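A quick write-up on the structure given underneath.
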Amino acid sequence: MTYHCPVSAQLPQVDPIQCPPGQRGPRGEILVELKRAQPLTARALAGKLGISLNAVRHHIKELEAEALVAYDRQHRGVGAPAFAYRLSPLGEGLFPRGYEATLLQFLDRIVERDGRGAAVRVLEGHFGSLAQRLRVETAGLAPARRLELVAQALAQEGYMAEAGAEGDSIGTLTEHNCAIQSVAERFPELCAAEARFLEDVLGAPVNRRAHILGGCSACEYHVRLDGSDRPVEETT
């Protein structure tokens, strides 16, 4: 499936996104902004963070020296090219991955002993437990508030999740980080389980519009907030 990755959608935050360990202040904020939407120019970063362009360039230079960010040249008509910054693999590694290596070893043992289906059921069980808890916590709440609490729970799991809305009928859940990306790459059934989990706890049709495993910088889900059981229409 081809995904049309969103470009730096501005969503109200449910909970402040934590800077990577050891990266506080403007440096950490730059890393978080790049994780949320990359690539970004120094001017775009300055606008998002509310600091001077020179300050951003100073911190970017330090982050480059530590191999935490890299850049691409973007040609925009006449004049000198713009530098668009992104996280390097080392920079990506600063964000939580949820003990992937240990989990993968555990799952590989299950596959060897009981088959792939058993390993997938273990992964789905995590979403089942989370869904059971969230159904209790969100019972009787308005759909928009329920979406906010689900995003907050996923943020606590390391997914850097945010909730927003497109008008009165469509809610948006954006995950800027895949806490267990290596696991999802090995077991893509996990992504389908996540979509089913969201439909379960939100009680509404959910449509994935962007996917980290599809090459996007975030996973983005659209969900109906108007109580309708109609699926969310695809866009191009």
Side-chain angles (χ1 to χ4, degrees), residues 1-13 16-98 100 155 158-162 164 166 172-186 188 191 208-222 234-236:
M1 179 176 181
T2 300
Y3 290 95
H4 301 278
C5 305
V7 179
S8 184
Q10 296 297 310
L11 302 176
Q13 294 187 17
I17 293 174
Q18 296 294 318
C19 293
Q23 301 291 334
R24 301 299 179 185
R27 285 167 51 102
E29 292 171 357
I30 287 172
L31 292 170
V32 168
E33 290 298 335
L34 290 176
K35 183 61 180 170
R36 294 179 63 188
Q38 54 185 322
L40 292 171
T41 64
R43 189 173 300 279
L45 284 165
K48 287 175 176 291
L49 299 177
I51 60 178
S52 72
L53 184 57
N54 284 339
V56 168
R57 286 172 173 162
H58 169 74
H59 293 299
I60 284 286
K61 186 175 181 179
E62 290 183 340
L63 293 169
E64 277 189 281
E66 296 175 25
L68 296 176
V69 301
Y71 66 86
D72 300 307
R73 290 183 174 87
Q74 292 185 347
H75 294 276
R76 300 176 178 177
V78 297
F83 293 90
Y85 296 93
R86 53 182 168 77
L87 295 175
S88 68
L90 188 61
E92 290 280 1
L94 293 175
F95 292 89
R97 293 298 188 198
E100 292 172 293
Y159 287 87
M160 291 178 66
E162 296 178 309
E166 294 186 1
T172 303
L173 175 71
T174 304
E175 297 171 343
H176 297 284
N177 183 55
C178 181
I180 49 174
Q181 185 169 339
S182 294
V183 178
E185 289 169 351
R186 184 86 63 85
C191 299
R208 185 190 292 120
R209 297 295 183 86
H211 196 195
I212 290 175
L213 296 192
C216 299
S217 63
C219 288
E220 182 179 286
Y221 294 91
H222 287 195
E234 293 283 354
T235 59
T236 58

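Nothing here was measured: the structure is a model prediction, and the numbers come from that model. Only heavy atoms go into these numbers, but all of them, side chains included; no hydrogens, no water, no symmetry mates.
Interatomic distance, CD of Gln38 versus OG of Ser217, reported as 6.5 Å (0.5 Å rounding).
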Could you list the donor-acceptor pairs under 3.5 angstrom formed by side chains in residues 49-57, with sequence neighbours left out?
from	atom 1	to	atom 2	distance (Å)
Ser52	OG	Ala55	N	3.0

* Verdict with reasoning, Thr174 to Cys219, per side-chain contact (heavy atoms from CB on, under 4.5 Å) -> CA-CA 6 Å; Thr174 304; Cys219 288; over 6 Å; no

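Checked against salt bridge (charged side-chain N to carboxylate O under 4.0 Å, His left out), Arg86 has the following partners two or more places apart in sequence or in another chain: Asp72. With sequence neighbours excluded, no residue forms a side-chain hydrogen bond (donor to acceptor under 3.5 Å, both in side chains) with Tyr85. The side-chain hydrogen bond (donor to acceptor under 3.5 Å, both in side chains) test applied to Arg27 returns Gln23, Glu62, Glu66, not counting sequence neighbours. For Ala44, the side-chain contact (heavy atoms from CB on, under 4.5 Å) test picks out Leu40, Thr41, with sequence neighbours left out.
Contact check on Glu64 versus Lys61 returns no salt bridge, with no Lys/Arg side-chain nitrogen under 4.0 Å from an Asp/Glu carboxylate oxygen.
The two residues Arg36 and His176 come nearest to each other via the heavy atoms O-ND1, 3.1 Å. A pairwise comparison of heavy atoms in Ile212 and Cys178 identifies CD1-N, 3.7 Å as the closest pair. Taking both residues in full, the closest heavy atoms of Leu94 and Pro20 are given as CB-CB, 3.7 Å, listed atom of the first, atom of the second, then distance. Residues Ala67 and Leu90 share a closest heavy-atom pair of O-CB, 3.5 Å.
Leu34 places none of its side-chain heavy atoms less than 4.5 Å from the side chain of Pro39. Using a 4.5 Å heavy-atom cutoff, the side chains of His222 and Arg208 are not in contact. Side-chain contact between Val69 and Ser88 is absent, with no heavy atoms from C-beta onward closer than 4.5 Å. Counting heavy atoms from C-beta outward, Glu29 and Leu45 have side chains that stay 4.5 Å or more apart. Met160 places a side-chain heavy atom less than 4.5 Å from the side chain of Phe95. In this structure the side chain of Leu87 reaches within 4.5 angstrom of the side chain of Leu31, judged on heavy atoms.
For Tyr71, the OH atom is loosely surrounded, since the number of other residues' heavy atoms within 6.0 Å does not exceed 12. More than 12 non-hydrogen atoms from other residues, nucleotides or ligands lie less than 6.0 angstrom from CZ of Arg24.
Remark: the backbone N or O of Leu173 is not paired with any side-chain donor or acceptor of Glu220 at under 3.5 angstrom. Under the 3.5 Å distance criterion, the side-chain polar atoms of Thr172 are left unmatched by any main-chain donor or acceptor of Gly164.
Residue pairs meeting the salt bridge (charged side-chain N to carboxylate O under 4.0 Å, His left out) criterion with at least one member in residues 173-185: none, sequence neighbours excluded.
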